[in-house]
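Small disclaimer: the values here were computed from a predicted structure and weren't measured.
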Amino acid sequence: MPSTVFHEKSGITVRHGDTTIALDPSRPADSHFTFVSHAHVDHLHRKGKSKSKLLVSKETSLLASARGYSIEGAEEHDGFALVDTGHILGSRGLLIGDDVYYTGDLSIRERAFMKPAKMPRARTLIIESTFGLPGYRFPAVDEVTHRVNKVVSELYDMGIPVILMGYALGKAQLLTKLFGHWDPVYVHDSVAKMNSVYSDLGVSLKSAMSHSEAEERGLLAGRKPWIMIAPLMSGRSAFVKEMKEKYGAVTVGFSGWALDNNYRYRMGLDYAFPMSDHCDYPELVEAIKACAPEKVYTFHGFAEEFAQSLKKMGFDAEPVERKGRAPTLDSFS
């Protein structure tokens, strides 16, 4: 069945025969179906009057609800398959027949409890290109955790508490898992909320007291160091300033953008380590080869540059213009 990929005000849309499917639209879409790939806020919108049928995973519905968004729909519908993309819990790509595959945000790298995505075969691939430049090559997760544990150990020896910062949904849960062996571990209130949903969905995470409760009990003060898992925020934020002034805490940020030389200084972090819930450049190319598409559309991040690189490799590739959506912290995980 012939398919067409095009861009509307709400975002990327696929016309598959007589059926239209809006892919992660930025606003209610006038389409037969609306697909929501995961629960990061740059992929969610407030419910409108659209009669479009929703395609969404159960995990994404529950996580979105915990973030104040109401999205309930079917995970299964004739002609569509939702495929795990390894980005965060519940993240899915959409396979339309065997013709078109839309990745949403994608990771083919195993990270703690997150399993790598497996790419289906499709004639047309619509793939994210957040890190679509050759310079973005992430170190192994084990290497990063080893380096971070060494930093934490040195700080603990000096009695200095450490705040590990990643996006409240997705990265923070990985940090809770990867560094839960330290004691004590506290979590920012927003992280505690997401950790609770993950636990309800069967992900085993260390039980940790919220930072507000720990502060009320006076557990953050004193000579004993601690670890806190918090959302990624600027060192100039009121929360970080307070933690530094009161407790002398040191900040450690995690993001794929930490490969950029000025990232740590731009964010005002004491340490920054490259760890991402997206594919790096070689992994994007690997994912495309596994899909073996006849046509590739790139979106988000370095879409134009990545499409040009793919053309040099012999792929029929072009970017899908994506306007009207401002980047958020969740966009850059």
Side-chain angles (χ1 to χ4, degrees), residues 24 36-44 59-60 62-69 85-92 104-107 109 111-114 117 128 130-131 136 138 141 144-145 148 162-180 185-199 201 203 205-206 208 210-211 227-237 239-240 243 251-260 263-264 266-280 300-301 325-333:
D24 283 323
V36 180
S37 65
H38 65 284
H40 278 155
V41 294
D42 59 322
H43 290 255
L44 302 174
E59 296 93 337
T60 293
L62 292 172
L63 289 164
S65 177
R67 308 192 91 183
Y69 293 85
T85 61
H87 177 58
I88 66 170
L89 186 65
S91 65
R92 301 288 186 268
D105 288 344
L106 180 70
S107 177
R109 178 179 299 215
R111 306 169 328 281
F113 54 82
M114 290 301 301
E128 65 125 320
T130 303
F131 293 104
Y136 288 108
F138 304 139
V141 174
V144 174
T145 55
V148 174
V162 183
I163 305 176
L164 304 179
M165 299 196 294
Y167 303 104
L169 172 57
K171 189 70 60 60
Q173 288 69 51
L174 289 173
L175 297 179
T176 303
K177 189 71 172 181
L178 292 169
F179 301 103
V185 174
Y186 305 117
V187 294
H188 188 276
D189 291 358
S190 62
V191 173
K193 192 174 184 179
M194 294 298 102
N195 282 12
S196 177
V197 180
Y198 266 56
S199 295
L201 290 168
V203 178
L205 296 175
K206 181 175 182 175
S210 69
H211 86 273
I227 290 285
M228 184 186 297
I229 311 296
L232 184 61
M233 60 187 88
S234 167
R236 294 171 285 279
S237 68
F239 176 79
V240 172
M243 291 296 108
T251 56
V252 181
F254 297 83
S255 172
W257 301 109
L259 286 177
D260 294 344
Y263 177 80
R264 180 169 71 87
R266 180 160 47 87
M267 290 295 293
L269 299 167
D270 295 308
Y271 296 88
F273 291 91
M275 183 186 291
S276 181
D277 295 326
H278 294 262
C279 289
D280 64 9
H300 198 67
R325 178 174 302 206
T328 69
L329 277 178
D330 278 339
S331 309
F332 306 122
S333 51

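- A side-chain donor-acceptor contact under 3.5 Å links K206 to the backbone of G180.
- A donor-acceptor pair under 3.5 Å is formed between the side chain of T251 and the backbone N or O of D270.
- In this view, S190 and H188 satisfy the side chain to side chain donor-acceptor pair (under 3.5 Å) rule, not counting sequence neighbours.
- Between W257 and Y136, the closest side-chain pair of non-hydrogen atoms falls below 4.5 Å.
- Ring geometry, H40 versus H38: the interplanar angle exceeds 60°, so the pair is classed perpendicular (tilted spans 30 to 60°).
- Closest of all the heavy-atom pairs between L232 and S255 is CD2-CB, 4.5 Å.
- When the side chain to side chain donor-acceptor pair (under 3.5 Å) test is applied to S37, the partners found at least two apart in sequence or on another chain are D24, H43.
- The shortest side-chain heavy-atom distance between V185 and F179 does not fall under the 4.5 Å cut-off.
- Evaluation of the ring pair (Phe, Tyr, Trp, His ring centres under 6.0 Å) rule for F138 yields F131 as partners, not counting sequence neighbours.
- The two residues L201 and L89 have their closest heavy-atom pair at CD1-CD2, 3.7 Å.
- M228 has its side chain within reach of M243: a pair of non-hydrogen atoms, C-beta onward, lies under 4.5 Å apart.
- Between the side chain of R67 and the main chain of A39, a donor-acceptor pair closer than 3.5 Å is present.
- H211 contributes a side-chain N or O that, together with a main-chain N or O of D189, makes up a donor-acceptor pair within less than 3.5 Å.
- A donor-acceptor pair under 3.5 Å is formed between the side chain of T60 and the backbone N or O of G90.
- What you find for D105 and T85 is that their closest heavy atoms are O-OG1, 3.1 Å.
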